[in-house]
Enquirer: 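Sending over a structure as structure tokens; questions will come in a sec.
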There are 2 protein chains.
Amino acid sequence: MPNVDVFSALSNPVRRDILMQLRMGPRAVNDLAQGFDLGRPAVSEHLQVLRKARLVREEPRGRERYYHLDPRPLSEVDDWLKAFTHYWKQRLAALEDVLDEEARK
Amino acid sequence: MPNVDVFSALSNPVRRDILMQLRMGPRAVNDLAQGFDLGRPAVSEHLQVLRKARLVREEPRGRERYYHLDPRPLSEVDDWLKAFTHYWKQRLAALEDVLDEEARK
DNA sequence: TCAATACGTCGGAAATATCCGACGCGTCAA
DNA sequence: TTGACGCGTCGGATATTTCCGACGTATTGA
């Protein structure tokens with residue numbers, strides 16, 4: 001059971017959609033599968049990937065399993081993106097320097 | 001030439017690494033390929049994916065091609081993540097309500 | 001002009017992802 | 001207890017990804 005990379009987990013639109021849906025609250029598998037043009041096994045396998053990426057947590061309720069969102073691993077993506085925010089800030093700062101230089105002429 | 005999904009483009013660690021490297025400035029293909037345990041064609045194909053996702057731009061200089069970072073499409077990922085930031089704020093607000101309720105007893 | 005260099009892309013191999021039907025296991029309700 | 005339900009997972013089919021060697025094209029420098 002290899003831990004799945006968060007970026008890989010997000011690469012599939014169905015899985016991103018599932019996460020979006022789970023924001024509203026926990027959902028059972030059949031309930032989730034209704035919203036997609038997919039069979040239940042496929043949804044179940046997408047949930048397995050999300051589970052291995054620790055993006056969802058399962059809570060058994062009788063014969064159903066409610067899946068809960070756990071957004072914490074998303075911080076890895078957010079942190080990665082920050083590296084490019086900083087890049088932009090640097091670029092902007094450099095641009096300002098150039099503009100200041102021009103203004104001083 | 002189908003436009004590549006940004007999330008898919010980011011799903012590969014080599015492509016993420018390439019983007020990281022390009023923050024420092026434009027790089028030629030051979031130069032980039034040195035840093036990876038990969039042949040040049042593989043790196044070139046990764047660059048093609050990044051190009052289709054509009055995350056890089058190419059600038060021919062003689063027989064070399066310098067690849068530049070274009071971080072703008074990353075905003076799509078950032079916006080997507082924001083949906084979960086808001087989710088968290090809602091959850092925290094709900095939690096505070098519960099705590100206030102408890103405190104009032 | 002000619003050999004070397006930098007690069008993109010193609011054909012094909014290998015790995016991986018995605019999906020379904022079928023099956024089995026536990027749970028529910030009669 | 002028994003039949004229906006909710007679910008996970010397996011086997012296998014198909015699609016996609018990833019990678020390489022080989023080739024063609026354009027550019028460079030001798």
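Naming convention: chains lettered A, B, ... in sequence-line order (proteins, then strands); numbering from 1 in each chain. All heavy atoms count here, side chains included; hydrogens, waters and symmetry mates do not.
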Enquirer: Using a cut-off of strictly less than 4.0 Å, decide whether Asn12(A) has a side-chain nitrogen or oxygen near OP1 or OP2 of dT18(C).
Expert: yes
Enquirer: Is Leu47(A) touching bases, backbone alone, or none of the nucleic acid, heavy atoms closer than 4.0 Å?
Expert: nothing
Enquirer: Can you check whether Ser44(A) has a side-chain N or O nearer than 4.0 Å to OP1 or OP2 of dG8(D)?
Expert: yes
Enquirer: Nearest whole angstrom, please: distance from the P of dT18(C) to the CG of Asp37(A).
Expert: 16 Å
Enquirer: Separation of Leu50(B) atom CG from dT17(D) atom C1', in whole Å?
Expert: 14 Å
Enquirer: So Asn12(A) and His46(A), do their side chains get closer than 4.5 Å, heavy atoms only?
Expert: yes
Enquirer: State plainly whether the residues Glu59(A) and Arg57(A) are in salt-bridge range, i.e. N to O under 4.0 Å.
Expert: no
Enquirer: Respond yes when some side-chain nitrogen or oxygen of Arg15(A) is under 4.0 Å from OP1 or OP2 of dT18(C), and no when none is.
Expert: yes
Enquirer: Nearest to the Glu58(B) side chain among dG8(C), dC19(C), dT27(D), which nucleotide is it?
Expert: dG8(C)
Enquirer: Which sits closer to the 5' end of DNA chain C, Ala42(A) or Arg63(B), going by the nucleotide each is nearest to?
Expert: Arg63(B)
Enquirer: Rounded to the Å, how far apart are Glu59(B) CD and dT27(D) C1'?
Expert: 16 Å
Enquirer: Side chain of Glu64(A) only, please: which of dC7(D), dG8(C), dA4(D) is the nearest?
Expert: dC7(D)
Enquirer: Starting at CD of Gln34(A) and ending at P of dC7(D), how long is that distance when rounded to a whole Å?
Expert: 10 Å
Enquirer: How close or far is atom C1' of dT17(D) from atom CG of Asp5(A), stated in whole angstroms?
Expert: 15 Å
Enquirer: To the side chain of Arg65(A), which of dC20(D), dC7(D), dC19(C) is closest?
Expert: dC7(D)
Enquirer: Where the side chain of Pro41(A) is concerned, which of dG21(C), dG6(D), dC7(C) is the nearest nucleotide?
Expert: dG21(C)
Enquirer: Checking Ser44(A) side chain against Pro41(A) main chain: does a donor-acceptor pair fall under 3.5 Å?
Expert: no
Enquirer: I want to check one thing: is the phosphate of dT9(D), taken as OP1 and OP2, less than 4.0 Å away from some side-chain N or O of Gln48(A)?
Expert: yes
Enquirer: I want to check one thing: is the phosphate of dA17(C), taken as OP1 and OP2, less than 4.0 Å away from some side-chain N or O of His46(A)?
Expert: no
Enquirer: Mark yes when over 12 heavy atoms from residues, nucleotides or ligands other than Asp79(B) sit less than 6.0 Å from its CG; otherwise mark no.
Expert: yes
Enquirer: Using only side-chain N and O atoms of Asn30(A), determine if any of them is under 4.0 Å from OP1 or OP2 of dC7(D).
Expert: yes
Enquirer: Need to verify one output field. Residue with the more 5' nearest nucleotide on DNA chain C, Tyr66(B) or Leu38(A)?
Expert: Tyr66(B)
Enquirer: Please confirm whether Arg27(B) makes a cation-pi placement over Tyr67(B), using NZ or CZ under 6.0 Å from the six-membered ring centre and within 45° of the ring normal.
Expert: no
Enquirer: I'd like to know if Arg61(A) reaches the base of dG6(D) with its side chain such that a donor and an acceptor end up less than 3.5 angstrom apart.
Expert: no
Enquirer: What I want to find out is whether Asp5(B) reaches Arg16(A) closely enough, with some N-O distance under 4.0 Å, to be called a salt bridge.
Expert: yes
Enquirer: Less than 3.5 Å between a donor and an acceptor, one on the side chain of Arg40(A) and one on the base of dG8(D), is that the case here?
Expert: yes
Enquirer: Base of dC20(C), side chain of Glu45(A) - is there a donor-acceptor contact under 3.5 Å?
Expert: yes
Enquirer: Please report the distance, rounded to the nearest Å, between CG in Asp17(B) and P in dT18(D).
Expert: 15 Å
Enquirer: Any side-chain N or O of Tyr67(B) below 4.0 angstrom from OP1/OP2 of dG8(C)?
Expert: yes
